[in-house]
There are 2 protein chains.
Amino acid sequence: MSGEVCGNDDPVERRSPTIYDVAEAAGVSPSTVSRAFSRPGRVNAETAEHIRRVAHDLGYRVNPLARSLPVERTSMLALVVADATNPFHFEIIRGAQDAATKAGYTVLLTDTRESDLLERQALERTLPMVEGIVLASSRMSDSTIRVTAKQRPMVVLNRVVTGVPSVVTDISSGARRAIDHLRELGHDRFTYVAGPEASWTDGMRWRELRAATRGTGPKVRRIGPFPPTLEGGVTAGRALRRAPTGAVIAYNDLLAIGLMGELIGHGHRVPDDLSVIGFDDIFGAQLVTPGLTTVAAPLYQVGSTAVGHLLAVLNGARPQTEAPLVVPTSLIRRRSTGPYGGDPVK
Amino acid sequence: MSGEVCGNDDPVERRSPTIYDVAEAAGVSPSTVSRAFSRPGRVNAETAEHIRRVAHDLGYRVNPLARSLPVERTSMLALVVADATNPFHFEIIRGAQDAATKAGYTVLLTDTRESDLLERQALERTLPMVEGIVLASSRMSDSTIRVTAKQRPMVVLNRVVTGVPSVVTDISSGARRAIDHLRELGHDRFTYVAGPEASWTDGMRWRELRAATRGTGPKVRRIGPFPPTLEGGVTAGRALRRAPTGAVIAYNDLLAIGLMGELIGHGHRVPDDLSVIGFDDIFGAQLVTPGLTTVAAPLYQVGSTAVGHLLAVLNGARPQTEAPLVVPTSLIRRRSTGPYGGDPVK
DNA sequence: CAACATATGGCAACTTCTTGCCGGGCCCGT
DNA sequence: ACGGGCCCGGCAAGAAGTTGCCATATGTTG
């Protein structure tokens, strides 16, 4: 036990001990202390044990800055998300964080508020400190992304940028599942409520929906774009009320929920008059009434896969730039979809 | 314009330039380069301009690690939250991040998954790299917190730890507002659905509810504790069904929402049979049916205030350890509360 | 017992940047 | 004309680690 009594009225600011202090206290040289911690086996077991004990008594902790400087490894990863409060990103963040922690890495999470300017600034700030980058829902241009990817290993999420490794959900099968589900219920006319035009995912969803209906009977039309938020959903709902339609497939759950609320608020019944499907299965999709049927993706896996790949690259693996890594999707059936019951009330 | 053509098939790994490279290219000494960037005015304006131009052409960026080492300023703050996916924390995170960014600081966000072990580990890992710490909803003991607070300036949120600056919401007035609202509606019997025992906030809410009803007519009882989650709410709802009660005030919105769902699912009507009030006004409170009446707190402000105080301390201000900083609360009226309509159906 | 291999600790150089101090040139006052 | 201050650039010593290389001591082999 160390005497912690310090009578002076300056309680803070006792500089933390360095390997030099430990070295002196243990009667060895600084390099030996360094090795005792970072190069086990390189130093005699007893000496190492002794050093560790002394270090512990002194309250020594290695200074990660000083350590990183010579070895060029900060053990930090940047995770840049467009909106940290969008439920869509939660599990991605968790997955990334878990995978990173497991490997001894710390993740630097940055919320860019859907702004490509803020995104670039954040990158500017954090990039020099991290070994790799995960870009979730980036709002930057492909070319900016590619330039950045030259500086550090990078993985982009929910987007495909040629030349940069990416992780995406299986939109194709997701779209098909949604259509199949609705057709089983007897629907054969669909409306896709589009999200932001800048969204790669939005483009793909629309494409795949068309592909999934091509040739066969059912038809899908598209309205939008709308901001991918509750408010956007309300706007979309208004548009829908003016021009009723068959079943609705929305760009994401937020949009779907906002839209349902608007419709229900004006006397329409879901799913009796209108079936609604969203994407993502965010927190909230099970809360609304009726519960939202949605295409779920293993977002946690998206995050952990991304970090896993990043770490592999840092350990010398070749980046997977050819084809994106695809994670599967599944359909969560809730109450917002139901059998086709004739044309919706006007 | 620099010729960027490099024919070799090793596109990565061109070590980034240092002040030495810039110094050589500009024909000055490294220290001058350093000063040109970090000490404006100390060096001749023309020289500085020249250096900056050369640096830019070389693609030089200062290495924050190397910079931090001598000056002992990393420009990073740690924000440790018990659960980053709990909507309660969103605005706190945003507020903190904004305030930090504005001051040129980066925040290192860590999610501890409600585990005090993970929390200690995270702190262990990040503490040496940051200049200050914000602890939101810490699960650690008071004494552990106090020990940690000795190592770095710290602010705790939603909790009062003597000797450590803290920011809390005005629970007292919040509780009073909830009670007043319900009494205006004719209620005079209340049940507090308690959250985790370890929660400082929970204790305070219960205390203030009792204080708000003391002496006057209405009575408040307490059931719990329950985990502060949707599932916890379901459990609480079951308990409530067995022993019906007057109006319900829940520890937080998650609990309130889970509880409403359970009750409504079993034929009770909210608010006709039972009024429900939550705390926090999380995303989701406006989504459920009926919308949840809740005591809101300016969470964004909590986060930014915390960081603001931390930065002040880092700049030499005395930490505010006497009384906690209190931010006001307000009541958001939605549809989950209604006039007293006799005793609830059994 | 000589020759060689291995284990272990130390020296010093290195990572990138900051900063106290020094000194040469220049201006100014007397 | 000369001493005293600025201005501004450079030198070198840190900041806290890592690591290549060398020097022992010890062990092993022929």
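Below, chains carry the letters A, B, ... as their sequence lines are ordered, and counting in each starts from 1.
A heavy-atom distance below 4.5 Å is found between the side chains of L123(A) and M140(A). Between V134(B) and L77(B) the shortest side-chain heavy-atom distance does not fall below 4.5 Å. Residues R125(B) and T110(B) have side chains not in contact (no heavy-atom distance under 4.5 Å, counting atoms from C-beta outward).
For the 3.5 Å distance criterion, the side chains of T162(B) and R146(B) qualify, holding a donor opposite an acceptor. Side chains of R39(B) and S34(B): no donor on one and acceptor on the other come within 3.5 Å.
Ionic pairing of D57(A) and R53(A) is not present here: no N-O contact between side-chain nitrogen and carboxylate oxygen is shorter than 4.0 angstrom.
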Under the criterion side chain to side chain contact (heavy atoms under 4.5 Å, CB included), I'd like the reasoning laid out for T18(A) against N63(A): C-alpha separation, chi angles, the key distance, then a yes or no.
CA-CA 8 Å; T18(A) 73; N63(A) 177 333; over 6 Å; no

For L299(B) and R94(B), what are the C-alpha separation, side-chain angles and deciding distance, and is it a side chain to side chain contact (heavy atoms under 4.5 Å, CB included)?
CA-CA 9 Å; L299(B) 267 10; R94(B) 281 243 161 120; over 6 Å; no

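Residue pairs meeting the ring-ring contact (aromatic ring centres under 6.0 Å, His included) criterion with at least one member in residues 21-44 of chain B, sequence neighbours excluded, are F37(B)-Y60(B). Listed by first and then second residue, the side chain to side chain donor-acceptor pair (under 3.5 Å) pairs that reach into residues 298-321 of chain B are D98(B)-Y300(B), sequence neighbours excluded.
Nearest heavy atom pair, residue V164(A) against residue A149(A), reads CG2-CB, 3.9 Å. Heavy atoms only, all atoms of each residue included: V147(A) and Q151(A) are closest at O-CG, 3.7 Å. Residues A36(B) and V43(B) share a closest heavy-atom pair of CA-CG1, 3.7 Å.
Rounded to 10 degrees, the angle between the two end axes of the helix from dC1(C)-dG30(D) to dT30(C)-dA1(D) is 40°, with five pairs used at each end.
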With the criterion being N/O to N/O and under 3.5 Å, what pairs connect the protein with nucleotides 25-28 of chain D, and how long is each?
none

Quick one: which protein N/O atoms are closer than 3.5 Å to N/O atoms of nucleotides 14-16 of chain D? Pair and distance per line, please.
none

Please list, for nucleotides 6-9 of chain D, all pairs of protein and nucleotide N/O atoms separated by less than 3.5 Å.
{"unit_1": "dG9(D)", "atom_1": "OP1", "unit_2": "T47(B)", "atom_2": "OG1", "d": "2.7"}
{"unit_1": "dG9(D)", "atom_1": "OP2", "unit_2": "N44(B)", "atom_2": "N", "d": "3.0"}
{"unit_1": "dG9(D)", "atom_1": "N7", "unit_2": "R42(B)", "atom_2": "NH2", "d": "3.1"}
{"unit_1": "dG9(D)", "atom_1": "O6", "unit_2": "R42(B)", "atom_2": "NH2", "d": "2.5"}

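The separation between L65(B) atom CG and dT18(C) atom P is 12 Å, rounded to whole Å. When rounded to the nearest whole Å, the span between CZ of R39(B) and P of dC17(C) equals 15 Å.
Side chain S31(B) to base dC11(D): a donor-acceptor pair is found below 3.5 Å.
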